[in-house]
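Along the sequence shown, residues are numbered consecutively beginning with 1.
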Amino acid sequence: MQEATITFPILGENFKLDFKPYFEIFGFQLHWYGIIIAVGFLLAVFYAIKRSNQFGLTEDNIIDMLICAVPLAIIGARAYYVIFSWADYKDNPIDVFKIWEGGLAIYGGVIGAVIGVFIFSKWKKVKLGAIMDVGGLGLLIGQAIGRWGNFVNREAYGEKTAVAWRMGLTNEWGTFYYHPCFLYESLWNIIGFVILHFYSKKRKFDGEVFLLYLAWYGLGRFFIESLRTDSLYLFGSNLRVSQLVALLCVIGGLGAVLFVRLSRNPEPEDMWVNRDKKAAMEAAAAEAAAAAFESDDAEVYDEDFASALELLKKGSTLDDTDDDASEAPVVEPVDVKLSEDVSLDDEI
């Protein structure tokens, strides 16, 4: 199907796309799939860099994070796909490395990327939730654009259908119409990105945006996956792997957000972006408390000192109503003569 003619009846009978999934330069084949993935990646990086300071990060943080996350994301995406479709590779293992022909699973990529970001956060002492938030928004951009790589490869389409927006694929056996699942997912990711972009400015805690990304993408993927004809299945069963993972992401993502909001009562000053302001506020509060303590202590000291001098000058008698204390000896007045050079107000 990779060189089938693409049509969309809704766009008219004369609309046809007939191109190869690659082009040649100096004898080398360059696949549109790889180029589209690269464009999505670069736009995601550009967005993350532009918004990095709003998450308490720097441009260097984003670059360093990518150094850790991208290789592991690619490995994870490919490994995930190969593991659940090993029958297609066992006879020609070398094909495992031909990623330009397609075969990258987004959930495997997300798992690999999370591992990479975790390593980065420990290495650079950056809060994991903050970097995951901006990463989740970047993923939505990359996925929305990357799905068009499936379009040029004539893959990741759905089951046969007669809906008005169906996609036609024509080859030597005829024309067949399918659900354009690549389009569904691309649009779903665009909508999710717009929503979370604006919501991220009012987020309550670090990691909230990423958790909502998992829930949003998982919700759409759960239904879209049910339409696809090239799903990965759980080791020979009828259970679609991506549907299972998507469902877990929805439950886990929403559950975690509700748990933190209801039980932790997160405050804005606890977010990574506000760490410097929080530190300054805590320092100012500590300084004010110390000043107040010194002031109170000085007053108490002055009062105690004055009382002690008064007792020494006039004497004191124990007067206790307790029976056991009734026999206590009486302290006779002491005639204290102070040197003329010493005032009652002076410190001893």
Side-chain angles (χ1 to χ4, degrees), residues 37 40-52 54-57 61-62 65-66 68-70 72-74 76-77 80 104-118 120-121 126-147 181-182 184-225 241-261 264 266 271-273:
I37 294 293
F41 170 77
L42 291 176
L43 288 177
V45 172
F46 177 78
Y47 173 85
I49 288 176
K50 285 295 184 182
R51 290 208 62 199
S52 58
Q54 297 177 26
F55 292 85
L57 306 169
N61 289 153
I62 301 299
M65 178 271 292
L66 292 173
C68 293
V70 171
L72 291 177
I74 296 174
Y80 186 101
L104 297 175
I106 184 59
Y107 277 125
V110 172
I111 294 171
V114 169
I115 294 173
V117 173
F118 177 79
F120 162 78
S121 68
V126 175
K127 194 170 183 180
L128 179 63
I131 197 74
M132 292 299 292
D133 280 344
V134 72
L137 291 167
L139 280 171
L140 285 171
I141 295 175
Q143 290 172 245
I145 296 174
R147 277 305 174 192
C181 288
F182 79 92
Y184 299 162
E185 192 166 321
S186 181
L187 293 175
W188 182 257
N189 288 328
I190 291 172
I191 295 171
F193 168 74
V194 173
I195 293 173
L196 292 183
H197 168 78
F198 289 104
Y199 180 79
S200 66
K201 300 177 182 180
K202 299 181 180 179
R203 64 192 186 281
K204 297 298 182 181
F205 61 91
D206 290 317
E208 183 180 19
V209 175
F210 181 74
L211 291 172
L212 291 175
Y213 152 76
L214 289 179
W216 176 268
Y217 179 70
L219 180 63
R221 184 62 183 268
F222 180 82
F223 291 103
I224 295 172
E225 189 69 22
V241 178
S242 290
Q243 275 194 306
L244 175 61
V245 176
L247 183 60
L248 292 176
C249 285
V250 173
I251 296 173
L254 289 179
V257 170
L258 291 175
F259 173 78
V260 174
R261 276 181 167 267
R264 300 287 181 83
M271 291 194 296
W272 183 251
V273 69

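Remark: W188 CH2 to L219 CG distance equals 4.5 Å, nearest 0.5 Å. Going from atom CH2 of W272 over to atom NZ of K127 covers 8.0 Å, rounded to the nearest 0.5 Å. How far CG of L196 is from CH2 of W216: 8.0 Å, rounded to the nearest 0.5 Å. One finds the CD1 atom of I74 at 8.0 Å from the CG atom of L104 (value rounded to the nearest 0.5 Å). Note that CG of L248 and OH of Y107 are 9.0 Å apart. Values are rounded to the nearest 0.5 Å. For the atom pair CD1 (I224) and OH (Y184), the distance works out to 9.0 Å, reported to the nearest 0.5 Å.
Residue Y199 qualifies as enclosed at atom OH: its count of foreign heavy atoms under 6.0 Å is above 12.
The side-chain hydrogen bond (donor to acceptor under 3.5 Å, both in side chains) test applied to E185 returns R147, Y217, not counting sequence neighbours. In this structure Y80 satisfies the side-chain hydrogen bond (donor to acceptor under 3.5 Å, both in side chains) test with no other residue, sequence neighbours excluded. For Q243, there are no side-chain hydrogen bond (donor to acceptor under 3.5 Å, both in side chains) partners, not counting sequence neighbours. In this structure I49 satisfies the side-chain contact (heavy atoms from CB on, under 4.5 Å) test together with V45, E59, I62, I63, sequence neighbours excluded. With sequence neighbours excluded, the residues satisfying side-chain contact (heavy atoms from CB on, under 4.5 Å) with F259 are S263, R264.
Scanning all heavy atoms of the two residues, the minimum distance from G136 to F210 falls at CA-CD1, 4.0 Å. Shown here for G218 and A246, the closest heavy-atom pair between the two residues is O-CB, 3.3 Å. Annotation for L128 and S121: closest pair CD1-OG, 3.9 Å, computed over non-hydrogen atoms. Of all heavy-atom pairs between R221 and S242, the closest is NH2-OG, 3.4 Å. The minimum heavy-atom distance between L254 and A215, with the atom names listed, is CG-CB, 3.8 Å. The minimum heavy-atom distance between F120 and N61, with the atom names listed, is CZ-O, 3.4 Å.
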Evaluate side chain to side chain contact (heavy atoms under 4.5 Å, CB included) for Y213 paired with V110, printing each intermediate quantity in order.
-> CA-CA 11 Å; Y213 152 76; V110 172; 3.7 Å; yes

Carefully, step by step, assess M132 and V114 under the rule side chain to side chain contact (heavy atoms under 4.5 Å, CB included).
-> CA-CA 8 Å; M132 292 299 292; V114 169; 3.5 Å; yes

Applying side chain to side chain contact (heavy atoms under 4.5 Å, CB included), run through C249 and F222 and close with a yes or a no.
-> CA-CA 10 Å; C249 285; F222 180 82; over 6 Å; no

Show your reasoning for whether side chain to side chain contact (heavy atoms under 4.5 Å, CB included) applies to L137 and Y47.
-> CA-CA 8 Å; L137 291 167; Y47 173 85; 3.5 Å; yes

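In this structure, R203 and V273 have side chains that are in contact, with non-hydrogen atoms separated by less than 4.5 Å. In this structure, V260 and P266 have side chains that are in contact, with non-hydrogen atoms separated by less than 4.5 Å. Between Q54 and K50, every side-chain heavy-atom pair lies at or beyond the 4.5 Å cut-off.
Counting only residues at least two apart or on different chains, the salt bridge (charged side-chain N to carboxylate O under 4.0 Å, His left out) pairs with a member in residues 207-216 are E208-R261.
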